[in-house]
Amino acid sequence: MKVLVTGGAGFIGSSFVRYVLRMRKEIDVVNFDLLTYAGNLRNVEEVAANPQYQFVRGDIADETQVENVFEQHRIEAIVNFAAETHVDRSIEDSRPFLRTNVEGTRCLLEQARKHKISKYVQISTDEVYGSLGSTGSFRENSPLDPSSPYSASKAAADLLVLAYYKTHRLPGLVTRCSNNYGPYQFPEKLIPVLITNAMEDRSLPIYGDGLNVREWIFADEHSRAVLLALERGTPGEIYNIGSGHEKTNLEVVGEILRLTNKPESLIQFVKDRPGHDRRYSIDCSKIRREWGWSPEMDFASGLATTIEWYRTNQAWVREIKDASYLSYYDRMYTRRDQTLAVLDS
Ligand code: NAD
Ligand code: TYD
C-alpha cells in the first residue's frame, strides 16, 4: 500500500514515518511536507535512503500540488499530520492556521475523493474538546468547544472529514490525541523549551500559576496508535488517544529540573496565555477495547529519554535556533524577556 503522509518532516509525523518503515515492509511512504519553520529533513534523515520512502516538498493547501502528488505516486491512503500547531502562534496570527489546517484538509479530501483512496486518517487533538475542571475526561462524543484559533481550526478540519464521510462516503476517520513529547519536538512547545533552556541555564517560563494540567504521551506511542487507525480504524469514527499521565506544568518543570540537576530559581512565572485551557484529560478506552492498544512508556522514563536526546543532539537544536527565518521564535523570547522584566520591577 502506498501512503501519503503529510507533515512527515515535523515532530510526530517524522516519528510515524520512522515507525511505519521499521514495522511494515508492505507500506510505501510518500512524505509530503512544505518544510515550514517546523519541518526539518534532519528528522527523517535515517529513512532518507530507504527504498520504501520518498520525499516531496509541497503545500496541502495548494490543490494543484496535491493533485500532482496523487497523479505521480498512485496514492492509496492518507495520514494527515500537516498543520500549524502552536497555540501561541495562532493567538498572534490565525491566518496560516485557517489556510493549512482547514483549507489544506479540504484540498486533501477533494483529491482523496477524486482518486478513490481506501483510507484517510485525520490527526487531530484533544484540544478540540476545550477545557475541563478538576474532574472528568473527554470521550469521543464530548461536545466540541475549542478555545484557541489553533483548536478551532482543528475542530473545523475534523468536521470536514466527518462530513465528507457522510456526504461522499469518503473513508475518513479522526484520531484525537493528548499532548505529545519526545525527541525532535520543536523548541517552542513546553517540554523542549524547558529542557533546552535548562541546559543553557536560561529562565524557564511558566504561564500563569503553572497549575494547568496536560496529559503527556510519548510521540512514538501516538505513532503506534495511528498505524492501528490506518489498518483497523472504521471510517466515520473518532478515536481518542491518551496516556493517563496527567501533570501540572509545575510538576513537569520540577521533574525536568530534577533530571537536569538545575535549581528551582530558573523558574520564571510569566503572563498567562489568553484563553488558556485549564485541564485536558482523555478517555481512550475505545482504542484499548477495539485495538488492544495501551501506552507502555511511563512519564519519568519518557522524560529521561527525551532529555538525553536533547543532550546528545545539541547540534539539531543549535541549527534551529540559529536559522535566520526563525524571527518569530526570537521575537517570542524577546517578548518573554520583556514580560519578565516587567514582573521583576
Ligand atoms: P509540527 O509543527 O512539529 O509539524 C508540522 C509539520 O507540518 C511540519 O513538518 C510542517 O512543515 C508541515 N506543514 C505545515 N504546513 C504545511 C502545509 N501547508 N503543507 C504541507 N506541510 C505543512 O507538528 P506536530 O506537533 O508534529 O503535530 C502533527 C499533528 O499532530 C498536527 O496535526 C497536530 O495538530 C497534531 N497533534 C499534535 C499534538 C502535539 O502535542 N504536538 C497533540 C495532538 C495532535
Ligand atoms: P504547549 O506545549 O504550547 O501545548 P498546548 O498549549 O497545545 O497544550 O503548552 C503546554 C502547557 O504549557 C500549556 O498549559 C501552556 C504551558 N506553557 C508554559 O507554561 N510555558 C511555555 O513556555 C509554553 C510553550 C507553554
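Just so you know, ligand 1 is whichever comes first in the structure, and atom 1 is the first atom listed for that ligand.
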Problem set entry | Within 45° cone of F97 ring axis and under 6.0 Å: R95 NZ or CZ |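 No, cation not above the ring by the 6.0 Å, 45° rule.
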Exercise. Quick one: does NZ or CZ of R214 land under 6.0 Å from the six-membered ring centre of Y181, within 45 degrees of the ring axis?
Worked result: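 Negative - R214 is either too far from the ring of Y181 or too far off its axis.
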Would you mind running through ligand 1 and noting each atom that sits below 4.0 Å from a heavy atom of [X]?
X: D59; result: 17 (C), 18 (N), 19 (N)
X: S124; result: 43 (C), 44 (C)
X: L35; result: 11 (O)

Looking at non-hydrogen atoms alone, which of [options] comes nearest to [atom]?
atom: atom 5 (C) of ligand 1; options: S178, A9, G58, A83; result: A83
atom: atom 41 (N) of ligand 1; options: T85, T125, D33, I12; result: I12
atom: atom 22 (C) of ligand 1; options: S153, A82, G104; result: A82

Problem set entry | Geometric N/O contact V193 with ligand 2, under 3.5 angstrom |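 Looking only at distances, the answer is no, because the N/O contact criterion of under 3.5 Å is not met.
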Problem set entry | Parallel, tilted or perpendicular: ring planes of F70 versus H115, cut at 30 and 60 degrees |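 If you compare the ring of F70 with that of H115, the planes turn out parallel.
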[X] near ligand 1 by a heavy-atom separation under 4.0 Å:
X: F81; answer: yes
X: A219; answer: no
X: Y150; answer: yes

Exercise. Among protein heavy atoms, which sits nearest to atom 21 (N) of ligand 1, and what does the distance come to when rounded to 0.1 Å?
Worked result: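 Ranking protein heavy atoms by distance from atom 21 (N) of ligand 1, first comes L34 N, 3.1 Å.
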For this session: Just jot down the side chain to side chain contact (heavy atoms under 4.5 Å, CB included) partners of S134, sequence neighbours excluded, or say none.
Result: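 If we apply the side chain to side chain contact (heavy atoms under 4.5 Å, CB included) test to S134, skipping adjacent residues, there are no hits.
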For this session: Can you sort out which atoms of ligand 2 are near P205, meaning under 4.0 Å from one of its heavy atoms?
Result: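 With P205 as reference, the close atoms of ligand 2 come out as 18 (C), 19 (O), 20 (N), 21 (C), 22 (O).
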For this session: Any atoms of ligand 2 less than 4.0 Å from a non-hydrogen atom of E127? List them with their elements.
Result: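 In order of number, 5 (P), 7 (O), 8 (O).
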